[in-house]
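Inspection log for the structure reproduced underneath, given as structure tokens.
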Amino acid sequence: MYSFDTLLAEISAPAGTGREVLDPATGASIAWVADHTAADVATAVETAVAAQSAWAARSDADRSALLNAAADAIEANAEALVEILSREQGKPLNGPNARFEIGGCAGWLRATAATPLPVETVIDDGETFAEMHYRPLGVVGAITPWNWPMMIAIWQIAPSLRMGNTVVQKPSEYTTLSGLALAKVLNTVLPEGVLNTVVGAGDLGAQLVSSEQIDKIMFTGSTNTGKKIVEASSGNLKRLTLELGGNDAGIVLDDVDPQAIAEGLFWGAFINTGQTCAALKRLYVPDAIYDDVVNALAAVAAAMPMGVGLDEQNVLGPLQNEMQFNIVDRLVESAKASGARVVMGGNPDRAATGFFYPTTLIADIDAHNDLVVEEQFGPALPIIRYTDLDEAIRLANELEAGLGGSVWSSDRDRARSVAARIEAGTVWINSHGTIHPMVPFGGAKQSGYGQEFGVAGLKSVSQPQVIQG
Ligand code: NAD
């Protein structure tokens with residue numbers, strides 16, 4: 001069992017070599033990490049290729065048992081993982097943050113191990129017999145972002161391994177320690193060579209994408225990088241799952257009780273301090289109840305402490321990096337300059353240490369302000385007033401992003417009929433961003449393609465094979 005110190009010591013490079021990892025809340029040095037080279041990537045890929053046939057030859061039950069053992073290992077080392085995640089990513093220990101993420105990693109491993117994917121009989125009518133098998137693809141390249149670095153890695157690694165593939169993962173360069181720590185713990189139970197990790201910047205990811213020995217890329221990150229991956233992956237017609245950027249709309253209907261939905265709206269938008277792909281990023285509220293919804297939301301937001309992740313009372317943390325702080329700052333300034341109303345926040349201390357951006361609600365904002373049409377990926381929510389529901393739905397659908405959406409109503413049938421008109425991979429009713437390991441998740445439009453989780457997720461890391469006759 002690792003402590004924070006022993007786990008950190010295992011994954012760090014000698015001080016002064018490689019790259020220094022700084023705490024986004026305090027600016028303090030956490031550790032140094034190696035940056036891998038192109039040769040290291042080639043070695044990792046060779047190792048994954050060499051290990052794949054023996055891994056695929058194990059029974060499905062055997063691989064599932066190892067995923068359960070990996071979940072046990074995560075639970076046994078949970079607090080060490082939590083502290084590395086909290087310090088490096090910035091997210092607090094409590095609330096839907098670091099402990100929640102590590103719990104999710106174990107839960108997802110177990111659910112992935114337990115999901116049945118039997119051979120399917122396609123037709124058996126006395127004349128024709130055909131059945132569908134799901135074979136391994138080979139080696140999966142797993143490329144992850146910095147917002148939920150351990151959970152998203154598990155979403156890619158667990159189904160890939162279950163289906164008999166081996167993996168080379170490349171964590172975000174902003175959350176290298178998290179990627180290395182997760183792999184270290186998983187590899188206490190997995191056979192050698194099955195899960196390999198390369199750390200460094202986007203060029204290493206690009207090397208995986210263009211490698212002829214990688215059969216599938218699971219990618220979670222920005223839409224721009226996703227487009228580059230599509231272009232660069234054609235050499236061997238690599239399979240792709242692309243989970244890309246979102247700019248999810250939430251539409252409140254005029255029949256809701258504002259107090260009853262306020263906390264759900266808050267966490268829908270501010271989970272992980274807004275750094276979540278499928279967070280509520282623009283909220284449409286009818287004129288008749290606009291002030292009541294804004295005030296109820298502001299009251300919930302005012303009670304949520306933001307601060308250093310390791311302080312047990314905090315539920316909101318800093319932004320993970322300066323680049324993201326500057327994006328949020330620019331978008332809120334654009335909203336302020338347009339005359340939108342700052343209900344709370346919007347006044348960061350730019351000279352302070354740490355990338356803290358205060359919880360910000362912006363009301364009476366133009367539907368085409370930059371804060372509405374660009375992905376903020378941080379704790380600043382624009383709230384757009386509407387009078388005509390059809391117009392709100394039109395505005396919700398006019399962007400290229402289509403990851404998630406939500407409808408808030410006390411009339412479920414009415415909410416479902418509005419949900420059906422929203423162009424997104426998932427539409428939630430009276431919540432936003434709620435995920436479940438058995439429920440497929442994936443984007444519409446330029447939020448990507450392919451699905452993760454459940455049976456659909458297992459199929460997406462498999463080669464379907466028909467056997468007929
Ligand atoms: P990013 O695209 O900048 O980076 C993601 C990963 O891709 C990193 O590991 C990076 O090193 C790597 N990369 C960069 N260039 C590459 C290239 N040319 N080829 C291969 N890999 C390359 O994204 P980010 O800033 O880390 O993440 C934030 C974005 O991710 C947001 O837009 C967010 O909405 C999105 N996101 C989507 C989901 C989802 O499930 N749809 C989940 C989380 C985050």
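All heavy atoms count here, side chains included; hydrogens, waters and symmetry mates do not. First listed ligand is number 1; within each ligand, the first listed atom is number 1.
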remark   = The protein heavy atom nearest to atom 15 (N) of ligand 1 is Thr225 CG2, 3.4 Å
key: CA sep, side-chain torsions, deciding dist, call: Arg87, Phe4, side-chain contact (heavy atoms from CB on, under 4.5 Å)   = CA-CA 11 Å; Arg87 286 206 192 184; Phe4 168 77; 3.6 Å; yes
query = Under 3.5 Å between some N or O of ligand 1 and some N or O of Glu173?
reply = yes
task = Would you please name every residue forming a ring pair (Phe, Tyr, Trp, His ring centres under 6.0 Å) with Phe270, sequence neighbours left out?
result = Phe266
query = Of the backbone atoms (N, CA, C, O) and the side-chain heavy atoms from C-beta on, which set of Ile152 has a member under 4.0 Å from an atom of ligand 1: side chain, backbone, both, or neither?
reply = side chain
query = Does Glu231 CD have over 12 foreign heavy atoms under 6.0 Å away?
reply = no
query = Taking heavy atoms and a distance under 4.0 Å, where does Pro171 meet ligand 1: side chain, backbone, both or neither?
reply = backbone
message = I'd like to check which ligand 1 atoms, numbered from 1 as shown, lie under 4.0 Å from a non-hydrogen atom of Gly205.
response = 19 (N), 20 (C), 21 (N)
request  = Specify side chain, backbone, both or neither for Glu375, according to which of its non-hydrogen atoms lie closer than 4.0 Å to ligand 1.
outcome  = side chain
key: Donor-acceptor contact present, side-chain Asp370 to main-chain Ala335, <3.5 Å   = no
key: N/O separation below 3.5 Å, Gly200 to ligand 1   = no
Side chain, backbone, both or neither: Tyr174 near ligand 1, heavy atoms under 4.0 Å = neither
ask   = With a 4.0 Å cut-off on heavy atoms, does Gly246 reach ligand 1?
value = yes
inquiry  = Determine whether any protein heavy atom is located less than 4.0 Å from atom 26 (O) of ligand 1.
reply    = yes
message = Can you tell me if Phe219 contacts ligand 1 (heavy atom of the residue under 4.0 Å from the ligand)?
response = yes
remark   = Note: Asn147, heavy atoms under 4.0 Å from ligand 1, region reported as side chain
key: CD/Glu322: more than 12 non-hydrogen atoms of other groups inside 6.0 Å   = no
request  = Report the part of Leu403 in contact with ligand 1, treating N, CA, C, O as backbone and CB onward as side chain, heavy atoms under 4.0 Å; options are side chain, backbone, both, neither.
outcome  = side chain
key: Shortest protein heavy-atom distance from atom 8 (C) of ligand 1, along with the residue and atom involved   = Thr144 O, 3.4 Å
key: Short N-O contact, Arg99 and Glu79, less than 4.0 angstrom   = yes
ask   = Mind checking whether Trp146 and Tyr174 have parallel, tilted or perpendicular rings, split at 30° and 60°?
value = perpendicular
note = For residues 436-448, the side-chain hydrogen bond (donor to acceptor under 3.5 Å, both in side chains) pairs (sequence neighbours left out) are Lys227-Gln446, Glu423-Lys445
ask   = Does a side-chain N-to-carboxylate-O contact under 4.0 Å join Glu374 and Arg330?
value = yes
query = Under 3.5 Å, N or O to N or O, is Lys170 touching ligand 1 that way?
reply = yes
message = Using 30° and 60° as the class boundaries, would you call the ring planes of Phe453 and Trp155 parallel, tilted or perpendicular?
response = perpendicular
